2 protein chains.
Amino acid sequence: MAKTDTLPPIAHPAREEITVEGVLRALADPVRLAIVRQLAGTEQEIACGGLTVPVTKSTLTHHLSILRQAGVVAGRQEGTTRFNSLRRNDLDALFPGLLNGVLAARR
Amino acid sequence: MAKTDTLPPIAHPAREEITVEGVLRALADPVRLAIVRQLAGTEQEIACGGLTVPVTKSTLTHHLSILRQAGVVAGRQEGTTRFNSLRRNDLDALFPGLLNGVLAARR
DNA sequence: GTCGTAGTTCGACAGTCACCGTACTACGTC
DNA sequence: GACGTAGTACGGTGACTGTCGAACTACGAC
C-alpha cells in the first residue's frame, strides 16, 4: 500500500482563514483554555503527552484538533511526537489584545 | 397578589463574578457576536427591538439573557422597554484587550 | 376597560459537542 | 521480526444549546 512519504504536515488554516468566532468557540472550553494557558506559559513547544489535562488521550486529541482547526495552536510532527505551540503571532495580528486579555484573566 | 414594587433590576453578575470562560462562551455565537458588535458600534443603549438579528423575539431574549448572565451586557428597564449596553468598563478591567481584539476582527 | 406593543417564559425538537473505550497507525528500540 | 510508546480515528452516548411557536405579563394610550 502507498507509503506516507513527506507526511502531510497536518492541516492548519492560513492566517486569513482564521475567524474570531472559531477562535472564541475554541477558547470557550475549560480543557482547551487550560491547554492554551500551558502553551502560553512557556516559550517552548509542548508534546501532547506533556499537557496536563483531566481527560483521556482520545479526548485530548479531539481538543487539540479543534484548537488546530481554529488556528489557535500549531502542531509540528517529529517522529511519533507532535509538538504544539500557540500561534501567538497570527492571533495578535488578527485580533490584537484578545489573547492577552484572555490570559490576563484571573478567573 | 404581591405587587412588583421597585421591580428587581434584572440579575447581573458583579464584576468579580465575571469569568473568562463565561464571556468567551457568550461571545462564541454568531448571533450574540452580532449583538455585541451593534452595541459596541454606538455610545447609546439599544432596546431589544432595535437590534438587528436573524432570529425570533424569543430567541433574541434567550441570547440577551446569556450575554447578561455572562456579564457582557447590562440591561436597564424603562417602562416596557429594556435598554441594553455593553459592560465595556468591566470587561476592559478584567480582560484588557479582549473586547478590542474581538471587535477588531474582520471575520 | 380595551387594545397594541415590548419582552419574557415555557415546552418541544433537532443539532452539536465533550467524553469515553477500543482499535488502529507510525515510529523507535531491542 | 516483536514490543512499547505517541498519537489518531471511529463509534456510541448523554448532555447541552439554538431554534421556534404559543401563551403570558407589563406598560401605555385610547
Side-chain angles (χ1 to χ4, degrees), chain A residues 1-12 21-36 38-39 45-70 72-85, chain B residues 1-12 21-36 38-39 45-70 72-85:
Chain A
M1 75 194 62
K3 275 295 291 301
T4 49
D5 46 323
T6 55
L7 178 67
I10 315 168
H12 290 104
E21 206 200 309
V23 171
L24 292 171
R25 258 190 148 53
L27 296 178
D29 176 276
V31 174
R32 294 196 287 265
L33 205 47
I35 295 173
V36 169
Q38 290 176 49
L39 289 175
E45 302 168 303
I46 305 183
C48 300
L51 290 165
T52 306
V53 286
V55 293
T56 63
K57 257 200 318 179
S58 60
T59 304
L60 172 58
T61 297
H62 168 239
H63 284 305
L64 283 172
S65 147
I66 289 182
L67 286 170
R68 245 182 286 122
Q69 283 173 35
V72 178
V73 317
R76 184 177 58 85
Q77 197 77 22
E78 191 175 312
T80 68
T81 309
R82 185 192 288 277
F83 289 102
N84 303 285
S85 58
Chain B
M1 68 191 68
K3 275 292 293 302
T4 50
D5 46 322
T6 55
L7 179 66
I10 315 169
H12 290 104
E21 206 199 310
V23 171
L24 292 171
R25 258 190 148 55
L27 296 178
D29 177 276
V31 174
R32 295 196 287 266
L33 205 47
I35 294 173
V36 169
Q38 288 175 51
L39 290 174
E45 301 168 304
I46 305 182
C48 300
L51 290 165
T52 306
V53 286
V55 293
T56 63
K57 258 200 317 181
S58 60
T59 304
L60 173 58
T61 297
H62 169 239
H63 284 305
L64 283 172
S65 148
I66 289 182
L67 285 169
R68 244 183 287 120
Q69 284 173 34
V72 178
V73 316
R76 184 177 59 84
Q77 197 77 23
E78 190 175 314
T80 68
T81 308
R82 185 192 288 276
F83 289 101
N84 305 285
S85 58

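Computed from a predicted structure; not experimentally measured. All chains are named by letter (A, B, ...) in the order of the sequence lines, taking the proteins before the strands, and each is independently numbered beginning at 1.
The CG atom of B/L24 sits 17 Å away from the C1' atom of C/dC17 (whole-angstrom rounding). In this structure, CG of A/L51 is placed 13 Å from P of D/dA6, rounded to the nearest angstrom. When rounded to the nearest whole Å, the span between CD1 of B/I35 and C1' of C/dG7 equals 14 Å. Distance CG (B/L60) to P (D/dG21): 14 Å, rounded to an integer number of Å. Per the geometry, CG belonging to B/D29 stands 13 Å off P belonging to C/dT16, to the nearest Å. When rounded to the nearest whole Å, the span between CG of A/N84 and P of D/dG7 equals 8 Å. Atoms CZ (B/R68) and C1' (C/dT9) sit 13 Å apart, rounded to a whole Å. Atom P of nucleotide D/dT8 and atom NZ of A/K57 are separated by 9 Å, given to the nearest angstrom.
Checked against D/dT8, C/dC19, D/dA22, the side chain of A/H63 finds its nearest nucleotide in C/dC19. Listed candidates were D/dT8, C/dC19, C/dC20. Nearest to the side chain of A/T56 is C/dC20.
A side chain to side chain contact (heavy atoms under 4.5 Å, CB included) with A/I66 is found for one member of A/Q69, A/R68, A/H62 and no other, namely A/H62.
In terms of position along DNA chain C, the nucleotide closest to B/H62 lies nearer the 5' end than the nucleotide closest to the other residue of the pair B/R25 and B/H62.
Using a 4.5 Å heavy-atom threshold, the side chains of B/L33 and A/L24 count as touching. Side-chain atoms of B/I35 and B/N84, non-hydrogen and from C-beta on, never get closer than 4.5 Å to each other. When side chains are defined from C-beta on, B/T59 counts as touching B/T56, because their heavy atoms get closer than 4.5 Å.
Residue B/R82 has no polar side-chain atom (N or O) positioned under 4.0 Å from OP1 or OP2 of C/dA6. Close to C/dC19, at under 4.0 Å from its OP1 or OP2, lies no side-chain N or O of A/T59.
In this model, no side-chain donor or acceptor of A/T80 finds a partner on the base of D/dG7 within 3.5 Å.
B/T81 comes within 4.0 angstrom of sugar-phosphate atoms only, judged by non-hydrogen atoms across all strands, and of no base. At a threshold of 4.0 angstrom between heavy atoms, the contacts of A/I66 are confined to the sugar-phosphate backbone, with no base atom among them.
Residues B/H63 and B/V31 come closest through the heavy atom pair CD2-CG1, 3.5 Å.
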